[in-house]
Amino acid sequence: MKNRPELSSWHISTQLSMLGRSPAQQYGFVNPPVYRGSTVIYPTCDAIRNKQAPFSYGTAGTPTIQSLENAWTALCNAAGTVLAPSGLGALALALFSVTRSGDHLLVTDSVYRPTRNFCHTLLARYGVSITFYDPLIGEEIDGLIRENTRAILLECPGSQSFEVQDIGAIVAVAQRRGISTIIDNTWATPLFCQVHALGIDLSVEAGTKYPGGHSDLLMGMVSANERHWPALRQTYDALAMLPGAEDCFLVLRGLRTMHLRVKEAESRGLEMAAWLQGQPEISRVLHPAMPDCPGHINWCRYFTGSTGLFSVVLDSRFTRQDVDNMLNNMKIFSMGFSWGGFESLIIPFDCTEYRTATTWRPGGLTLRIQIGLEDMADLKNDLVAGLARLRGE
Ligand SMILES: *Cc1c(COP(=O)(O)O)cnc(C)c1O
């Protein structure tokens with residue numbers, strides 16, 4: 001199951017085809033089998049006393065789990081990866097692995113809301129204090145660092161609001177002050193942002209999104225650089241919160257086509273964002289690859305592509321009732337949380353109620369849109385009809 005040494009010299013699409021499988025060890029079959037199991041049987045007393053076996057017990061890993069861990073480690077150019085049963089679980093693992101009682105943590109105000117909740121509730125109960133910061137703070141984050149600041153959590157771009165952070169500036173400050181950095185890299189995936197190469201210590205991906213790609217599973221990954229890998233693995237081993245074998249198998253399968261899916265998401269996302277920018281009902285498009293997005297310059301610096309999720313701000317004249325009229329009657333776009341699957345989604349959102357370090361005042365009601373794999377003309381027609389309902393026609 002070990003990755004082949006020549007892998008890193010190949011193009012990412014070749015790597016995705018090869019990672020985490022080894023036909024010679026699989027009776028020639030292309031894909032690895034699904035190992036399910038708790039108990040591992042040892043042949044002798046000596047072997048069980050010294051745990052002399054490649055695998056010791058289900059919670060400590062299986063070939064299926066290891067295949068996905070190794071594949072993700074290679075994709076991220078990391079020292080190691082642990083898996084979690086959800087993206088939120090992966091964020092919890094990453095945060096538990098760097099913080100301890102008495103620490104102070106800096107968290108971007110644009111963070112995924114359940115992550116914010118985790119910090120407020122569990123982490124706070126374990127004696128970790130939290131300061132939320134403006135996602136666009138850049139090197140001025142230095143001013144927020146206290147003697148007990150242990151880590152900075154970034155999310156890039158911000159959930160729903162899409163601010164793109166100055167990863168390089170924040171990492172430079174963190175490294176100078178001896179502080180760990182964690183990023184939620186779910187939107188870009190390692191295909192479009194190689195965060196460890198930028199100096200990030202721990203990177204979290206909701207495998208639920210593009211790696212799974214079909215809205216039929218939950219998965220989280222945390223990859224670490226050399227310095228942070230031992231603590232991350234130790235935290236994972238202590239908790240034994242791991243995903244099921246079927247879900248690992250499905251994410252491994254998802255990896256084979258992930259480059260095609262995210263590239264398609266990119267071109268469709270850009271086409272739709274540009275089209276929406278031209279509609280009179282839309283006052284602003286928040287898409288990291290477009291100049292109107294807060295922190296667009298940082299996207300230019302640190303990212304090699306964009307994906308299929310972005311937001312729009314509606315003209316200020318529209319009311320909540322107008323939005324209800326639009327969204328309640330969409331034919332192809334459906335409403336639901338999550339994204340990264342094959343289906344197009346649209347949801348209303350509002351960051352005003354929970355932001356603390358910044359004020360969310362976009363100047364109109366806001367919608368988040370995920371572009372799926374349906375025909376673009378059909379999708380635009382669905383939006384044309386929706387915008388007419390928005391106008392009350
Ligand atoms: C969905 C999401 C998560 C959490 O993933 P789950 O598997 O749903 O827990 C974390 N971060 C971001 C940016 C997400 O979009």
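Quick note: residue numbers are just sequence positions, from 1. Computation of the quantities below employed the complete heavy-atom set of this structure, encompassing side-chain atoms and omitting hydrogens, waters and symmetry-equivalent molecules. Counting convention: from 1, in listed order, for ligands and their atoms alike.
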Look at atom 1 (C) of ligand 1 and say which protein heavy atom is nearest, naming residue and atom and giving the distance to 0.1 Å.
Lys209 NZ, 1.4 Å
Quick test: of every protein heavy atom, which one is nearest to atom 12 (C) of ligand 1, and how far off is it to 0.1 Å?
Asp184 OD2, 3.4 Å
Just which atoms of ligand 1 are under 4.0 Å from any heavy atom in [X]?
X: Ala206; result: 2 (C), 3 (C), 4 (C), 5 (O)
X: Leu218; result: 7 (O)
X: Trp339; result: 15 (O)

Charged N-O contact under 4.0 Å between Glu374 and Lys331:
no
Look at the rings of [X] and [Y] and say which category their plane angle falls in: under 30° parallel, 30 to 60° tilted, over 60° perpendicular.
X: Phe303; Y: Trp187; result: perpendicular
X: His214; Y: Phe342; result: tilted
X: Phe310; Y: His287; result: tilted

N/O separation below 3.5 Å, [X] to ligand 1:
X: Ser159; value: no
X: Gly87; value: yes
X: Leu88; value: yes

Taking it one step at a time, do Asp237 and Arg233 satisfy salt bridge (charged side-chain N to carboxylate O under 4.0 Å, His left out)?
CA-CA 6 Å; Asp237 286 334; Arg233 183 71 209 194; 3.3 Å; yes
Heavy-atom distances under 4.0 Å are what count here, so tell me which part of Thr208 touches ligand 1: side chain, backbone, both or neither.
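Side chain only.
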side-chain hydrogen bond (donor to acceptor under 3.5 Å, both in side chains) partners of Thr257, counting only residues at least two apart:
Arg261
Counting C-beta onward and ignoring hydrogens, is there a side-chain heavy-atom pair between Thr108 and Ile137 closer than 4.5 Å?
no
